[in-house]
Amino acid sequence: MLMRAAITAVAGYLPDDILTNADLEQMVDTNDEWIRSRTGIQERRILKDPTKATSDMGAEAVKELLDKRGIHADEVDLIICATVTADMHFPATANLIADKVGAVNSWGYDLSAACSGFIFALTTGAKFVESGQYKKVVIVGADKMSSIVDYTDRTTCILFGDGAGAVLLEPTEEYGIIDHKLHVDGTGANFLCQKAGGSLHPPSHDTVNAKEHYITQDGQPVFKAAVKGMADVSYDIMQKNNLAPEDVAWLVPHQANLRIIDATQRRMGLPAEKVMINIQKYGNTTAATIPLCLRDWEDQLKAGENIILAAFGGGFTWGAVYLQWAYNV
Ligand code: UT7
């Protein structure tokens with residue numbers, strides 16, 4: 001019998017503080033109408049407590065996850081944390097999350113693939129389960145984007161929010177993760193990145209004065225690549241698995257821009273009611289968008305439904321995962 005990995009629980013954490021478009025109007029030269037019509041975003045959550053970081057949000061999500069599934073933290077074999085806002089360059093945020101939740105028998109590591117981080121981590125984690133080696137793998141997508149956003153740059157500060165999502169992967173012989181199609185293209189690296197702070201440009205007074213520790217994006221080329229990349233890969237995975245639009249129950253897209261989501265939905269031939277969209281509430285939480293969608297829609301998902309997860313992000317990174325949902329709430 002073929003061993004598959006299935007998502008058996010989903011959870012998430014969002015900080016309480018809300019940053020609305022009206023708030024941003026007071027901070028930079030922007031307006032609610034521009035933000036809504038260009039992106040679909042109305043508000044986002046911000047982790048304001050300066051003593052808290054990505055691992056704290058991730059740990060809250062994992063605690064809720066284990067609670068929902070009714071398992072103890074010492075049963076977890078592996079934690080993979082997708083993030084671009086690690087608490088520190090090292091140790092890994094997964095390590096800190098394991099400590100905060102008491103996952104004393106788990107090992108873990110971080111995975112860096114920007115907005116595609118969750119689907120890259122999900123695919124990677126599934127392999128450990130499919131191999132038969134592990135029974136409980138936790139995938140976390142968590143980002144404190146407010147820690148790398150320049151709130152004087154109107155082209156980026158309107159886009160991002162903070163949050164964390166988590167899923168549990170367990171072995172199954174029935175429904176589960178079936179296929180994936182993932183890509184990277186380093187020629188897109190400079191269009192969306194954090195220029196300084198790494199080994200190329202270690203942090204210095206100069207890099208801080210030049211604001212190179214913040215996220216920088218050339219929106220138009222990223223937008224064009226995202227529309228093509230996310231739409232094409234979502235269509236390709238349907239073709240590869242002989243899925244017609246009526247066979248697909250849900251598209252779970254990365255939430256970067258409503259117009260990118262619309263283009264993907266149209267290319268897949270799906271009606272709007274099959275597409276999970278919560279960008280208006282949370283903005284772009286980078287690695288957390290997809291698990292936070294699954295959490296928001298969990299009540300409506302039914303065992304056996306065909307679901308496609310799709311993302312595009314900095315790097316460039318992009319891809320899609322095809323899975324069959326494994327449980328009813
Ligand atoms: O998730 C990771 C991957 N990232 C993405 O997928 C993001 C992809 N890019 C985008 O979503 C879009 O490019 C943005 C939402 C970032 C920008 O939308 P756009 O339609 O591409 O706008 P633009 O950059 O072409 O700017 C249009 C105009 C410019 O003014 P001019 O030159 O036409 O006078 C900008 O200066 O809008 C101006 N603008 C703003 N105006 C009000 C840029 N940002 C703002 C703003 N408020 N916040």
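For ligands, and for the atoms within them, numbers begin at 1 and follow the listed sequence.
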Heavy-atom distance from [atom] to the protein below 4.0 Å?
atom: atom 10 (C) of ligand 1; value: yes
atom: atom 33 (O) of ligand 1; value: no
atom: atom 19 (P) of ligand 1; value: yes

Inset, instruction - Validate the cation-pi geometry between R44 and Y282: distance from NZ or CZ to the six-membered ring centre under 6.0 Å, angle to the ring axis within 45°. - result: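 No, R44 does not lie over the aromatic ring of Y282.
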When you measure from [atom] to every protein heavy atom, which one gives the shortest distance, and what is it?
atom: atom 44 (N) of ligand 1; answer: W34 CH2, 3.4 Å
atom: atom 25 (O) of ligand 1; answer: Q220 NE2, 2.6 Å
atom: atom 22 (O) of ligand 1; answer: R38 NH1, 3.4 Å

Legend entry - Ring centres under 6.0 angstrom apart (F316, W318):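 Between F316 and W318, the centre distance exceeds or equals 6.0 Å.
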Legend entry - D179 versus N241, side-chain donor and acceptor atoms under 3.5 Å: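 On atom types as modelled, these side chains qualify, holding a pair under 3.5 Å.
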Inset, instruction - Under 4.0 Å, heavy atoms only, figure out whether ligand 1 is touched by the backbone of V28, its side chain, both or neither. - result: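 The answer is neither; V28 stays 4.0 Å or more away.
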Legend entry - Per-residue contact class, N257 against ligand 1 - non-hydrogen pairs under 4.0 Å: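 For N257, the contact with ligand 1 is made by the side chain alone.
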For ligand 1, is there an N or O atom under 3.5 Å from any N or O atom of [X]?
X: N31; value: no
X: G313; value: no
X: T155; value: no
X: Q217; value: yes

Legend entry - Subset of ligand 1 atoms that lie under 4.0 Å from at least one heavy atom of A256: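 By the 4.0 Å cutoff, the relevant atoms are 1 (O), 5 (C), 6 (O).
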